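Computation of the quantities below employed the complete heavy-atom set of this structure, encompassing side-chain atoms and omitting hydrogens, waters and symmetry-equivalent molecules. Note that the structure is predicted; figures quoted are calculated from it, not measured.
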Amino acid sequence: MQDINTVSIFNDVIGPIMAGPSSSHTAGPARIGKIIYNLFNEEISHIDICFDINGSYPATYRGQGSDKGFIAGLMGWDAEDERLPYALEAAGENNISYHFHSADLGAAHPNASKITVTSKNGRTMEVDSHSTGGGAFEIVGIDGFLVQMCGDFYECICICQNNDQQVLEIMHPYVENKKNSHIVVRQQGNKKMIQLSSSSPFDEDFIEKVKAFEDTKVLTTDLIMPIASFKKVEIPFRTAQEALNYSCHNHIHSLAELAYIYECTRSGLEKSVIKEKARTIYQAMKQSINNGIKSDFKMRGFLEPKASKMRQNLLERKTTDIGVLNSIMIYATAVMEYNSSMGTVVAAPTAGSCGVLPAVLCTMEENNYPLEKVIDGLMVAGLIGVFISHQATFAAEVCACQAENGSASSMAAAAMVYLCDGTIEEGFSAAGLALQNMLGLICDPIGGLVDIPCVNRNAAAASNALTSANMTLTGFDSVIPLDEVIIAMRETGKLLPSELKCTGKGGLCITPTAMRIAEGIT
């Protein structure tokens, strides 16, 4: 089937490798800032960032590092840059002023922002953006023009006063020679915007030709996301049912094989390249556990890291014997605590759920599951995320924590089934069961921080993944197909009020203790 906006495991599900604490509120803003930095291509002196007053940013942008993410990106830093926690100080050192405020933008997305940058010589550019979850984003407006940019293409934008036809005469032959390029033309008053998107870098001589026209403003950016997109790509499936049909028709019996087939088709990369990308991500996950378990860092909120002490207490105190769940519990806690300190973690599928998949996979490797198979299990988890991303969302601001920890638990459950040599049907069933168990889970971070209940919910989601996998492998029937559970999650999110979707206005956030904590933070 052909699709313009097909999900990539590495763009949309597993990753980015990023500085915590939030993929939608830290990494997404950093990527938005970086693409604006590229497009503006001039030294910035002032930054004005306006959030929609009815969205999630006003209550969380400080606690979840959105301020640091935006400013870091607007200085040209990437989401994984270790300097990101110090972005505000760096801006001051570089004589860049900034202002954050809120207004009624009438936005269609809860993570909407209007960003105006000013250069040292007075030039300005206004950009409208949405951070859509898991580090993904979209640019929806530039200087009054409606646009669509998600960082997965090389972009050349020409804003023309009179010579749009001459610009198009140069662009059309370029598109004909580069099959994975396309042009969109938009009009605003007496000006036209010509947007050329390509899956490969632009030739320097081509850029020089379009820049030579008078009365034409040329904006360019390199790829922001890890994997380039194509205008049209033939993908074999986008839902679990379609994947089952494909596997039956093509006699495929492995969840991992399905995952590699999908991502190789989507990206155009060889399986060996895909696996090396997965290996790099898995190593980053292991490192986040190692860093988190030390507990030698300061979390940004009101908690002190406990993972190291928890592990010690397991040896010294009488506890219930829950086997590998003890390691999973501690590892999930360690990663999330490190994430809260703005340490480097892997969004999987979000930073708010970044402890689930590493805890499960690394525990399994420690229990003598082969490394190569564990890496393939990571890809299986990514495949489940593809089904969720195509049919729903990972954004807690849209569907609450069921979209974050629920999705992560679903992904980890399928990975566990694969590691235990389960079938494709069993993997999808376990994924559906895990998500069933977390339907309706709200997002209510105390004080706008990724601390309580985010840390403990990661441990619960990881435990749920293992339970769901074992229930399935021992014969329990989840009854409702995975795709139907995903859609139920999406529709449940629509029914939840905004107070329960990362706005700090409901759930635990309005308990007396939480309100006292929040007052102490601010």
Side-chain angles (χ1 to χ4, degrees), residues 4-5 28-29 31-55 57-58 66 70-71 73-74 96-132 136-168 170-171 182-198 202 207 210-211 213-222 224:
I4 294 176
N5 297 311
R31 284 173 161 176
I32 290 167
K34 178 66 178 290
I35 199 170
I36 295 172
Y37 171 86
N38 289 349
L39 292 168
F40 195 57
N41 194 30
E42 200 167 320
E43 195 172 355
I44 295 173
S45 64
H46 181 69
I47 300 164
D48 182 274
I49 300 179
C50 182
F51 303 132
D52 189 276
I53 199 165
N54 299 307
Y57 277 132
S66 306
F70 277 117
I71 299 303
L74 287 162
I96 300 172
S97 60
Y98 53 84
H99 177 52
F100 296 94
H101 58 106
S102 302
D104 189 352
L105 300 178
H109 196 283
N111 288 342
S113 62
K114 184 181 289 291
I115 303 166
T116 304
V117 290
T118 304
S119 71
K120 294 188 181 299
N121 64 15
R123 178 186 156 219
T124 65
M125 185 169 74
E126 183 181 88
V127 178
D128 296 294
S129 73
H130 302 152
S131 178
T132 55
F137 70 93
E138 55 184 1
I139 303 298
V140 295
I142 297 178
D143 286 342
F145 286 93
L146 296 176
V147 298
Q148 184 179 21
M149 298 170 58
C150 300
D152 52 350
F153 285 103
Y154 296 86
E155 304 280 2
C156 176
I157 294 176
C158 296
I159 301 176
C160 309
Q161 188 79 37
N162 300 306
N163 50 10
D164 51 287
Q165 290 304 315
Q166 294 96 316
V167 172
L168 286 170
I170 292 176
M171 285 189 172
H182 61 281
I183 295 173
V184 176
V185 180
R186 300 176 179 89
Q187 185 152 356
Q188 180 74 23
N190 63 345
K191 292 183 179 180
K192 286 188 177 179
M193 172 182 280
I194 304 171
Q195 180 181 352
L196 171 59
S197 306
S198 175
F202 296 110
I207 296 297
V210 294
K211 283 184 175 180
F213 290 107
E214 294 183 3
D215 298 325
T216 298
K217 183 191 297 183
V218 180
L219 315 174
T220 62
T221 179
D222 291 337
I224 300 295

Q: If you define the side chain from C-beta out and look only at heavy atoms, does anything of Phe145 sit under 4.5 Å from Ile157?
A: no
Q: In terms of ring plane angle, is the pair Phe70 and Phe51 parallel, tilted or perpendicular, where the classes change at 30° and 60°?
A: tilted
Q: Taking all non-hydrogen atoms of both residues into account, name the closest pair between Gly141 and Val147 and its distance.
A: N-CG2, 3.5 Å
Q: Between Asp48 and Thr116, do the side chains contain an N or O donor and an N or O acceptor separated by less than 3.5 Å?
A: no
Q: Hey, does Thr220 have a side-chain heavy atom less than 4.5 Å from the side chain of Asn38?
A: no
Q: Using the side chain to side chain contact (heavy atoms under 4.5 Å, CB included) rule, take Asn41 and Leu219 through it: C-alpha gap first, then chi angles, then the decisive distance, then the call.
A: CA-CA 8 Å; Asn41 194 30; Leu219 315 174; over 6 Å; no
Q: Quick check: closest heavy atoms across Gln188 and Gly144, and the distance to 0.1 Å?
A: OE1-O, 3.2 Å
Q: Return the minimal non-hydrogen interatomic distance between Ser131 and Gly28, and the atom names on each side.
A: OG-CA, 3.7 Å
Q: Got a second to check how far Ile224's CD1 is from Lys34's NZ, nearest 0.5 Å?
A: 5.5 Å
Q: Within the structure provided, determine whether Phe100 and Ile71 are in side-chain contact (heavy-atom separation under 4.5 Å).
A: yes
Q: State the CE-CD1 distance between Met171 and Ile183, to the nearest 0.5 angstrom.
A: 6.0 Å
Q: Do the non-hydrogen side-chain atoms of Leu39 and Met149 ever get within less than 4.5 Å of each other?
A: yes
Q: If you count heavy atoms of other groups shown closer than 6.0 angstrom to NZ of Lys191, is the number above 12?
A: no
Q: Hey, what do you get for CG (Asp128) to CD1 (Ile32), rounding to the nearest 0.5 Å?
A: 10.5 Å
Q: Just wondering, do Val184 and Gln148 contact through their side chains at under 4.5 Å, heavy atoms?
A: no
Q: Using only heavy-atom distances, determine whether the side chains of Ser113 and Ser129 contain a donor-acceptor pair under 3.5 Å.
A: yes
Q: Can you find a pair of side-chain heavy atoms, one from Tyr154 and one from Asp222, that are under 4.5 Å apart?
A: yes
Q: Return yes if some donor-acceptor pair links the side-chain N/O of Asp52 with the main-chain N/O of Ala107 below 3.5 Å, else return no.
A: yes
Q: Which distance, rounded to the nearest 0.5 Å, do you find between the CZ of Phe213 and the CG of Asn162?
A: 12.5 Å
Q: Over 60° means perpendicular and under 30° means parallel, so classify the ring planes of His182 and Phe153, tilted if in between.
A: perpendicular
Q: Could you check whether Asn163 and Thr216, counting side-chain N and O atoms only, form a donor-acceptor pair closer than 3.5 Å?
A: yes
Q: How close do Thr124 and Phe40 get, counting heavy atoms only, and between which atoms?
A: C-CE1, 4.0 Å
Q: State whether the number of non-hydrogen atoms from other residues, nucleotides or ligands found under 6.0 Å of Glu43 atom CD is greater than 12.
A: no
Q: Which heavy atom of Lys120 sits nearest to which heavy atom of Ile44, and what is that distance?
A: NZ-O, 4.3 Å
Q: Decide yes or no on side chain to side chain contact (heavy atoms under 4.5 Å, CB included) for Tyr57 and Ile49, but give the supporting numbers first.
A: CA-CA 11 Å; Tyr57 277 132; Ile49 300 179; over 6 Å; no
Q: Give a yes or no on whether the backbone of Gly189 and the side-chain of Gln187 come within a donor-acceptor separation of less than 3.5 Å.
A: yes
Q: How long is the gap from SG on Cys50 to CD on Glu126, to the nearest 0.5 Å?
A: 9.5 Å
Q: Is there a side-chain contact between Val140 and His109 in this structure, where contact means two heavy atoms from C-beta onward sitting under 4.5 Å apart?
A: no
Q: Looking only at side chains, do Glu155 and Gln195 share a donor and an acceptor under 3.5 Å apart?
A: yes
Q: Side-chain contact test, heavy atoms from C-beta onward, threshold under 4.5 Å: evaluate it for Tyr98 versus Leu74 and give yes or no.
A: no
Q: Roughly how far, to the nearest 0.5 Å, is the CZ atom of Arg186 from the CD1 atom of Ile194?
A: 11.5 Å
Q: Quick check on Tyr37: does its OH atom have over 12 non-hydrogen neighbours (other residues, nucleotides or ligands) under 6.0 Å away?
A: no
Q: Taking all non-hydrogen atoms of both residues into account, name the closest pair between Val127 and Met125 and its distance.
A: CG2-CE, 4.0 Å
